[in-house]
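First comes the structure, then the notes that go with it.
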Amino acid sequence: MTGVPGRARCVARANIALSKYWGKSDDRLNLPAVPSLSVTLEPMRTETVVVLDDALRGDTFELDGAPARDVERARVARLLDGVRLETGLSTFAHVTSRNHFPTASGLASSASGFAALAGAARHAYGLPRDDARTSAMARRASASAARSVYGGFVALPAGHPGDDALAAHVVHPPEHWDLRVVVAVVTEARKDVGSREGMGLSRETSPYWDAWVASAPRMYDAIATALRAKDIRALGPHVEQSFTTMHALAFTSSPSTMYFQPASIAALGALRDLRARGVPVWPTMDAGPHVKAVCHGDDADQVEAALAATPGVLRTLHARPGPGLELD
Ligand code: PMV
């Protein structure tokens, strides 16, 4: 293993999609059926260390201080297999990962987790830094992870079947705009229907699937245009419609998946009341019950206070645009 560092540490941040990805065009390569656009979130960090060890007979994976579950270890090993294939090395590795934000916050730790893993693994096995390849590698594990490789405002195009090089790219750096995301955490429980299963059901059974694939690129374009213009009042309604359309798919799947809880509805109501009072804030939600408020930095404290005072909201988190991978 001459010339191979054998050890690397990588920090990646979670991201939230303003324009949602939901559903795949190629299950095997994990390619999204629609384009998505996200903001990378500071300070929602995952830190991952990869250490190669010739004595190992398989990869090990420790998550937040405890051995990870077998399914999680298998997903990590699959990503490492990709790196081993590219390098020709066969050495297994110890992987240690720590989330510096609550993983039940509804902010996908899989996004920051697989981005940090791909960054650390490629470096530890001696591959030169190449964010596009790192993003494509993270995407195969979790499509939203492709976006967490980059900082600021990040796009992941829809994938054409077979396009295994598909990677995310930066649309604007973090300094472009002081957009904030305030998360209203409404439960500490893990979600019951994961995004992979939920989006599979949507494609197979929702009567709205074709309408989603046809309309998502238009929502994406409207969001990209408002983002470029830094116009929160133009952005917000499209951000809201992207998530409500995605949730309509889940709701109209068979069996139906409803990610909302009573406190989610209460938080959405609190944001509607704020808007009625002239505060430009709009919600988004992912495959879970937490509500994420999207607003400008000037209004973030007011938004956070309103959400914190909403019955059923356990606590709030506040994030701003952050950087891409940090590698050493
Ligand atoms: O990448 P996954 O499988 O965790 O899917 C993420 C899907 C959403 O979070 C609901 C939307 C998105 O674009 O991040």
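Every number for a ligand or one of its atoms is a count from 1 in the order of the listing.
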Please state which part of M246 comes within less than 4.0 Å of ligand 1, counting heavy atoms only: side chain, backbone, both or neither. side chain
What I want to know is whether S19 and ligand 1 share at least one N or O pair that is separated by under 3.5 angstrom. no
Same apolar cluster: L80 and L63, side chain cutoff 4.5 Å: yes
Which of the atoms of ligand 1 are close to S110, meaning less than 4.0 Å from one of its heavy atoms? 4 (O)
If we number the atoms of ligand 1 from 1 as shown, the ones under 4.0 Å from a heavy atom of S142 are 1 (O), 2 (P), 4 (O)
Do you know the tightest heavy-atom contact between L117 and T48? CA-CG2, 4.1 Å
Residue part near ligand 1, for R147, under 4.0 Å between non-hydrogen atoms: side chain
Which residues share a ring pair (Phe, Tyr, Trp, His ring centres under 6.0 Å) with H238, sequence neighbours left out: none
Can you tell which of G288, S109, S195 gets a heavy atom nearest to atom 4 (O) of ligand 1? S195
Check the side chains of E304 and T316 for a donor-acceptor pair under 3.5 angstrom, ignoring hydrogens and angles. yes
Can you sort out the partners of E86 under salt bridge (Lys or Arg N to Asp or Glu O under 4.0 Å), two or more places apart, ordered by chain and number? R122, R133
Using a 4.0 Å cut-off to any heavy atom of A17, which atoms of ligand 1 qualify? 12 (C), 13 (O), 14 (O)
side-chain contact (heavy atoms from CB on, under 4.5 Å) with Y220: of S36, S215, P35, S242, only one passes, and it is P35
Can a donor-acceptor pair be found between the side chains of S206 and T252 at a distance below 3.5 Å? yes
For ligand 1, note which part of S144 has a heavy atom under 4.0 Å away: side chain, backbone, both or neither. both
Under a 4.0 angstrom heavy-atom cut-off, which atoms of ligand 1 come close to D286? 8 (C), 9 (O), 10 (C), 11 (C)
